[in-house]
Amino acid sequence: MPDARIVCIGFLPIVFVLVVIVPVPIEKITSATSGPVAPAKVGFVSLGCPKNLVDSEVMIGMLAQAGAELTPNAEDADVIVVNTCSFIGSAQQESIDTILEMARHKTGGKAGGKAKRLVVAGCLVERFHDEIRKNIPEVDAVVGTGELEKILAAAGLAETSRPESPFNILTSRPEGDRRRGQGRFARDSWDGAVADLPNYLYDDHTPRVLTTPRSSAYIKIAEGCDHPCSFCIIPQLRGQFRSRRFESVIAEAERLAQSGVREITLIGQDTTCYGEDLGLKDGLAVLLKKLAGIEGLQWIRFLYAYPNKISGRLLATIAAHDNICSYIDVPLQHASATVLKRMKRGGGADLFLRSIEKMRRMIPGVTLRTSFIVGFPGETEKEFEELCSFVKEAAFDWMGAFGYSDQEGAGAFDHEQKLSAREIESRRKTLMSMQKKISRTKKKSLIGREFELLLEGASSESDLLLEGRTAMHAPEIDGKVFVNDYPEGNQPKEGEFYRCRITAAHDYDLVAEIV
């Protein structure tokens, strides 16, 4: 029977229906474990974006270093950790749903598990710290995004001593300091939220367990955000923008390459600001060039780019190196100048089209991905039509559309002229229907062409198919390449690169043969 409780978090009461979620599997350790082996078995569930996944990997690494035994099975765990997301309403719902499901694995719970402790971590904790403890009494401890080192005490393990903590803020950008003075990071209206902003950064010495396939890994190169976007509470959840030290990123990348990682994805809320707080000009371009020289790295990409931060030097650097993927993810959020102004982002369709033309001119064959928010408060039919016309003209390779989600603490929360949920969803479906046609045409144009393919293993669609990605496909977020044929006597291996030929295309996915 589902847990029928109504959990009120903030301003929105939601009834959650429970589903089984399997904790993140442990596949490899990138930092040697040490210390006495503890009898506790720890299971982990990681929700949300790749940035959250890296936080999970760091916490898992600390637990492993402290001697914890890690298990992928919730029913076997003595301690269960749920690392949550709180970006939009649906993410909050998934997080609460998962917490309640994992609570059923505690001793005496309906699932008959043996867990003695349930720990909640991540962005939902930053947003609803006290309310989680109040409304879900099964939760034994909470860990915010800026206090990952507390995972050991939260899990009931003794903390290991460190000569120097990696959890410290470095420096800040003038833009961030100015926005802080304007109240951008204020959390006064968040009843029960932790008062202090997160200010940590992990480094190359931080224990970390990778949970991605053995050939791929994420590297978080920056944390936090200074931008004033009125729809977003990430700055309040993650703090001011701060870059990792250049040498630390390189050292981690070199170690990952030596361990067999062939694809690295650089992540941050805005990777294109990388290094500005460290005095680096075009820091992302400088970093990419250095990473491109690391032996063994075949694909390097970054997520996400801010529209006005894509410099000519960055584009030239991507074009100059074969192992830097010709792939740019630039979330534009809208195309109407008036909506963008209300979003506190700036720009508009004409400016964006010129930028896209420059990207395609400087990087032939570049893959472009973007995302949009529809139904922002006050969005008129005319403004939505501007967005639709732009999407048709820009013809992105990949695109996501999200319905506006009201978030208390965001600037847009107090805006008037809110659209109904029905209208927002109707507009989202309209935009995605347009993109499906664009995607279908683009994917069909690839038939007969050959690409490098990273094979990821057996397909979840059918036992008769293998599955992988090309450089046009970022991990997890883009379509798939299904492999239905390969040379006789040459069984392809997971995590290896192969030359493939596209033989068929669907709306978002491709079919290929290994040649």
message = Quiz question: by atom type and distance under 3.5 Å, do the side chains of Asp329 and Tyr327 form a donor-acceptor pair?
response = no
task = Would you check if the side chain of Arg301 reaches a backbone N or O of Ala471 as a donor-acceptor pair within less than 3.5 Å?
result = yes
ask   = Can you tell if the side chain of Cys273 reaches within under 4.5 Å of the side chain of Asp226, non-hydrogen atoms only?
value = no
task = Check whether any side-chain heavy atom of Val79 sits under 4.5 Å from a side-chain heavy atom of Leu157, and report yes or no.
result = no
query = His415: what forms a ring pair (Phe, Tyr, Trp, His ring centres under 6.0 Å) with it, not counting sequence neighbours?
reply = Phe376
query = Sub-3.5 Å donor-acceptor pair from the side chain of Glu456 to the main-chain atoms of Pro213, do we have one?
reply = no
task = Please lay out, stage by stage, how Leu63 and Leu152 fare under the test side chain to side chain contact (heavy atoms under 4.5 Å, CB included).
result = CA-CA 6 Å; Leu63 291 166; Leu152 299 180; 4.0 Å; yes
request  = With sequence neighbours excluded, tell me which residues meet ring pair (Phe, Tyr, Trp, His ring centres under 6.0 Å) with Phe497.
outcome  = Trp299
message = Between Met102 and Glu138, is there a side-chain heavy-atom distance shorter than 4.5 Å?
response = no
ask   = Under 4.5 Å between any side-chain heavy atoms of His506 and Val511, yes or no?
value = yes
Carboxylate-amine/guanidinium proximity below 4.0 Å for Arg104 and Glu101 = yes
task = Kindly determine whether Leu210 and Val261 satisfy side chain to side chain contact (heavy atoms under 4.5 Å, CB included), including the steps that lead there.
result = CA-CA 10 Å; Leu210 297 189; Val261 170; 4.2 Å; yes
query = Quick one: are Thr206 and Leu148 in side-chain contact, heavy atoms under 4.5 Å?
reply = no
request  = Kindly compute the distance separating CZ (Phe372) from NE2 (His334), expressed to the nearest 0.5 Å.
outcome  = 8.5 Å
Inter-residue atom distance Glu467.CD - Glu494.CD, 0.5 Å rounding = 10.5 Å
task = Nearest 0.5 Å please: distance from the SG atom of Cys49 over to the CD atom of Gln269.
result = 7.0 Å
ask   = Glu423: what forms a side-chain contact (heavy atoms from CB on, under 4.5 Å) with it, not counting sequence neighbours?
value = Glu381, Leu419, Ser420, Arg427
request  = Kindly give the heavy-atom pair with the smallest separation between Leu431 and Ala401, and that separation in Å.
outcome  = CD2-CB, 4.1 Å
query = When you check the side-chain N and O atoms of Glu69 and Thr71, is any donor under 3.5 Å from an acceptor?
reply = no
note = For Asp277 and Arg242 the tightest heavy-atom approach is OD2-CA, 3.3 Å
inquiry  = So which atom in Lys418 and which in Phe413 form the shortest heavy-atom distance, rounded to 0.1 Å?
reply    = NZ-O, 2.9 Å
request  = Go through the structure and list residues passing side chain to side chain donor-acceptor pair (under 3.5 Å) with Thr84, not counting sequence neighbours.
outcome  = none
task = Could you grab the distance from atom CD of Gln407 to atom CD1 of Ile234, nearest 0.5 Å is fine?
result = 9.5 Å
Residues forming a side chain to side chain donor-acceptor pair (under 3.5 Å) with Asp397, sequence neighbours excluded = none
query = Taking side chain as C-beta onward, heavy atoms only, is Leu100 less than 4.5 Å from Ile136?
reply = yes
inquiry  = Strictly by ring pair (Phe, Tyr, Trp, His ring centres under 6.0 Å), give each pair with a member in residues 458-480 just once, sequence neighbours left out.
reply    = Trp398-His473
query = Is the side chain of Asp509 donor-acceptor paired with the backbone N or O of Lys480 at a distance under 3.5 Å, no angle test?
reply = yes
query = Can you find a heavy atom in the side chain of Ile250 that is under 4.5 Å from one in the side chain of Leu291?
reply = yes
note = On a heavy-atom basis, the closest approach of Pro235 and Cys225 is CB-O, 3.5 Å
key: Arg469 vs Asp478, side chain to side chain contact (heavy atoms under 4.5 Å, CB included): CA-CA, chis, key distance, verdict   = CA-CA 9 Å; Arg469 294 184 288 112; Asp478 296 325; over 6 Å; no
key: Side chain to side chain, Phe44 and Val209, heavy atoms closer than 4.5 Å   = no
inquiry  = So, using side-chain contact (heavy atoms from CB on, under 4.5 Å) as the criterion, who are the partners of Glu425 when residues are at least two apart?
reply    = Arg428, Lys429
key: Verdict with supporting geometry, Ile219 and Leu256, side chain to side chain contact (heavy atoms under 4.5 Å, CB included)   = CA-CA 10 Å; Ile219 295 181; Leu256 289 170; 3.8 Å; yes
query = When rounded to the nearest 0.5 angstrom, what is the spacing between CD1 in Ile264 and CD1 in Ile221?
reply = 11.5 Å
key: For Ser248, side-chain contact (heavy atoms from CB on, under 4.5 Å) partners two or more places apart   = Asp203, Asp204, Arg244, Arg245
note = Looking only at heavy atoms, the pair that brings Gly400 and Met432 closest together is C-SD, 4.2 Å
inquiry  = Return the CD to CG distance between Glu126 and Leu237, rounded to the nearest 0.5 Å.
reply    = 7.0 Å
ask   = Excluding sequence neighbours, so at least two apart, what forms side-chain contact (heavy atoms from CB on, under 4.5 Å) with Cys229?
value = His227, Phe231, Cys232, Tyr306, Arg345
task = Sequence neighbours left out, what pairs pass salt bridge (charged side-chain N to carboxylate O under 4.0 Å, His left out) with at least one residue falling in residues 51-67?
result = Asp55-Lys220, Asp55-Arg238, Glu57-Arg208
Check: Gln93 main-chain N/O paired with Asp97 side-chain donor or acceptor under 3.5 Å = no
task = Look at atom CD of Gln417 and say whether more than 12 heavy atoms of other residues, nucleotides or ligands are closer to it than 6.0 Å.
result = no
ask   = Is Thr271 reaching over with its side chain to a backbone N or O of Ile267, donor-acceptor style, under 3.5 angstrom?
value = no
ask   = Just by distance, do the side chain of Thr370 and the backbone of Met399 share a donor-acceptor pair under 3.5 Å?
value = no
remark   = Asp140 meets the side chain to side chain donor-acceptor pair (under 3.5 Å) criterion, sequence neighbours left out, with Lys106
ask   = Any donor-acceptor pair under 3.5 Å linking the side chain of Ser439 with the backbone of Asp507?
value = yes
key: Glu94 side-chain N/O to Cys85 backbone N/O, donor-acceptor pair under 3.5 Å   = no
task = Report the residues that fulfil side chain to side chain donor-acceptor pair (under 3.5 Å) with Thr272, sequence neighbours left out, ordered by chain and then residue number.
result = Asp270
query = Are Glu496 and Arg262 close enough for a salt bridge, meaning some N to O gap below 4.0 Å?
reply = no
